[in-house]
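The structure displayed is predicted, hence computed values, not measured ones.
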Amino acid sequence: MADFPFSFSNRFQLLGDLNSENKNYQTKQNLEKSGKTILDLTISNPTKLGLEFPPGALSHILSSLDLCQYDPIAEGLESTRSVIVSEYTNRGIQTKISDLVLTASTSEAYSYIFKLFTNPGDEILTPNPGYPLFSFLIGLENLKEVHYPLKEDPKTGKWIYSAETIANCVSTKTKLIVLVSPANPTGSRTTGRFWKEWETLGIQIPILLDEVFVGYEFSGDPHEIPDSPNFPLLVCNGFSKMLALPQLKLGWILNQSPELYRSEIQKNLGFIADTYLSVNSPVQLATPELIPWKTMIQNRIRTRIMRNLAECHFFSEGNPKIKNKSAVEAGWYFLFEIDLERKDEDLVLEILSKTNVFVHPGSWYGFSHNRCILIVSLISEEETLRKGLEVLQSYLK
């Protein structure tokens, strides 16, 4: 390693070895370079899977905007926030324009909320199994990630939020609790029952509720946001999953905190937003024309999910080596647990090398290394998923 006349932030130490190569991805890249066609069952970018926002409509909407003016409002244009507030009203969630702050993405929304509530060295609770990105977002703020376990129902195989389990992980250094509903990749949800249990505990630690996958539930109890929480609550969402528009980069923070805290939280969030002014004008101006497409976009994605879900269930039921039938009820992912005493990463690498089928190992998402769990994307192109599962079926016989 070269010697530099300067030092890098210790944030990078919290993130681990950033130079280490992921053997699975490296093997996939080498196979692709050699001309092999990989059946990649992990892609979750709708713009790469034929689920993109209709290109003609998007071009028309953007071409009709007046882009010559710039109105640097920290919280975002009032007209944009008004449309988003109407969406919550349609869901039966009462809120106001003044409770909303626009961001360039949900990841940026996380960073704003981290800045709002934490100091370097503080702890943030995140779900396990969960999404690997949290580790990087938290590490870049010089914070410590602490996992709370999701509760697995042995009868149904569902992964459930347990208020008591989360509460048992709270320490004096805990400054924020992250909930994702529906969760990635387990489909866990913050149901009405969960919120009742949580509020009886009386914990006042702020909660960040990430609902980017809302609208993609297909069975079980629905995702809910509490009407009048007795704790600070900030809800994050955006266009990435809602409208299949990850490239337009619009997210937001909805402040649903008790009135006692709401104005001070909003003032400080506004200061952070004003410091960066990161949300571009075109996407804000386009929002009133983009939002009406939500029903069509989500219906199309849900149709893909349901067809692929049926294919995955058929695969599971027809293979004796599938140990547990996945009980995922929401989101974009499906889980297979294989009845093999193998490290999941080793099995994924072997499957890739021998069959050219690529799936994710569950350990990347926090599942136990003692369990051989494989994860696939439910928004994969249907023919690709079908072919990939056929190959896996033959391989696992």
Side-chain angles (χ1 to χ4, degrees), residues 22-25 27-28 31 36-44 49 129-130 150-160 182-188 213 216-220 301-397:
N22 182 296
K23 193 173 182 180
N24 297 69
Y25 276 114
T27 300
K28 178 175 178 283
L31 288 170
K36 299 287 186 182
T37 299
I38 304 300
L39 293 172
D40 189 343
L41 308 187
T42 70
I43 301 173
S44 61
L49 298 168
L150 296 177
K151 185 177 180 180
E152 185 179 14
D153 187 323
K155 293 182 179 179
T156 64
K158 298 177 186 177
W159 295 84
I160 302 166
N184 175 8
T186 60
S188 312
F213 284 103
Y216 300 107
E217 304 97 336
F218 34 87
S219 62
I301 292 174
R302 277 195 296 266
T303 298
R304 172 80 60 88
I305 288 172
M306 297 310 295
R307 289 174 177 169
N308 283 339
L309 185 66
E311 195 74 44
C312 287
H313 280 303
F314 180 76
F315 167 79
S316 297
E317 292 163 2
N319 195 307
K321 287 188 178 177
I322 303 296
K323 187 175 181 180
N324 289 330
K325 311 307 179 190
S326 177
V328 172
E329 297 178 327
W332 289 8
Y333 295 90
F334 194 88
L335 317 175
F336 303 104
E337 183 165 8
I338 312 297
D339 191 12
L340 292 173
E341 293 186 2
R342 296 282 305 277
K343 283 189 63 177
D344 57 358
E345 285 187 284
D346 293 341
L347 180 61
V348 165
L349 184 60
E350 183 178 299
I351 291 171
L352 175 62
S353 301
K354 292 185 176 181
T355 71
N356 298 327
V357 173
F358 186 57
V359 297
H360 278 165
S363 57
W364 289 3
Y365 296 81
F367 290 97
S368 171
H369 287 276
N370 296 324
R371 301 175 66 173
C372 197
I373 292 176
L374 308 182
I375 297 175
V376 300
S377 167
L378 283 173
I379 65 166
S380 299
E381 291 183 330
E382 293 171 45
E383 185 65 13
T384 300
L385 183 71
R386 186 186 62 78
K387 288 181 178 178
L389 293 181
E390 285 178 356
V391 173
L392 279 177
Q393 185 84 345
S394 298
Y395 174 81
L396 292 172
K397 284 183 177 178

Participant: So which heavy atom on G157 is nearest to which on A327, and how close?
Facilitator: C-CB, 3.7 Å
Participant: Would you find a donor on one side and an acceptor on the other, under 3.5 Å apart, between the side chain of R304 and the backbone of L49?
Facilitator: yes
Participant: Is there a donor-acceptor pair under 3.5 Å between the side chain of E311 and the backbone N or O of L389?
Facilitator: no
Participant: Hey, could you give me the CG/CD distance between L39 and E390, rounded to the nearest 0.5 Å?
Facilitator: 10.0 Å
Participant: Is a side-chain donor-acceptor pair under 3.5 Å present for Y365 with T186?
Facilitator: no
Participant: Quick one, L335 with W159, criterion side-chain contact (heavy atoms from CB on, under 4.5 Å). Give me CA distance, side-chain angles, the key distance, then yes/no.
Facilitator: CA-CA 11 Å; L335 317 175; W159 295 84; 4.3 Å; yes
Participant: Could you measure the distance from the CD1 atom of I351 to the CG atom of L41? Nearest 0.5 Å is fine.
Facilitator: 10.0 Å
Participant: Is there a side-chain contact (heavy atoms from CB on, under 4.5 Å) between V348 and H360? Walk through the geometry before answering.
Facilitator: CA-CA 7 Å; V348 165; H360 278 165; over 6 Å; no
Participant: Would H369 and F367 count as a ring-ring contact (aromatic ring centres under 6.0 Å, His included) if you check the C-alpha gap in whole Å, the side-chain angles of each, and the deciding distance to 0.1 Å?
Facilitator: CA-CA 6 Å; H369 287 276; F367 290 97; over 10 Å; no
Participant: If you round to the nearest 0.5 Å, how far is CG of L340 from CG of L347?
Facilitator: 6.0 Å
Participant: Can you tell me how far apart CG (N24) and OG1 (T42) are? Round to the nearest 0.5 Å.
Facilitator: 10.5 Å
Participant: Are there more than 12 heavy atoms of other residues, nucleotides or ligands under 6.0 Å from atom OH of Y395?
Facilitator: yes
Participant: Do T27 and F358 come within less than 4.5 Å of each other through their side chains, counting heavy atoms only?
Facilitator: no
Participant: Compare every heavy atom of G331 with every heavy atom of F218, then report the nearest pair and how far apart it is.
Facilitator: CE2-O, 3.7 Å
Participant: To the nearest 0.5 Å, what is the distance between CG (N22) and CD (E345)?
Facilitator: 7.0 Å
Participant: Do the side chains of R386 and E383 get close enough for a salt bridge, i.e. N-O under 4.0 angstrom?
Facilitator: yes
Participant: So, D153 side chain and I160 main chain: donor-acceptor pair closer than 3.5 Å or not?
Facilitator: no
Participant: Give the minimum heavy-atom separation between G187 and P182, together with the two atoms involved.
Facilitator: O-CB, 4.3 Å
Participant: Assess the residue pair L385 and C312 against the criterion (side-chain contact (heavy atoms from CB on, under 4.5 Å)); give the C-alpha distance rounded to whole Å, side-chain angles, the decisive distance to 0.1 Å, and a yes or no.
Facilitator: CA-CA 9 Å; L385 183 71; C312 287; 4.1 Å; yes
Participant: If I compare all heavy atoms of S363 with all of D344, which pair ends up nearest, and what's the gap?
Facilitator: N-OD2, 2.7 Å
Participant: For D40 versus T384, what's the shortest heavy-atom pair and its separation?
Facilitator: O-CG2, 4.1 Å
Participant: So, do E350 and R342 sit near enough that their side-chain heavy atoms are less than 4.5 Å apart?
Facilitator: yes
Participant: Could you pull out the closest heavy-atom pair between S44 and Y333, with the gap in Å?
Facilitator: OG-OH, 3.0 Å
Participant: Could you give me the CA-CA distance, side-chain angles and deciding distance for L392 and N319, then say whether side-chain contact (heavy atoms from CB on, under 4.5 Å) is met?
Facilitator: CA-CA 10 Å; L392 279 177; N319 195 307; over 6 Å; no
Participant: Got a sec: does the CZ of R307 have more than 12 other heavy atoms crowding it under 6.0 Å?
Facilitator: no
Participant: State the NZ-CD distance between K321 and Q393, to the nearest 0.5 angstrom.
Facilitator: 11.0 Å
Participant: Test of understanding: with ring pair (Phe, Tyr, Trp, His ring centres under 6.0 Å), list the residues that count as partners of W332, not counting sequence neighbours.
Facilitator: F213, Y216
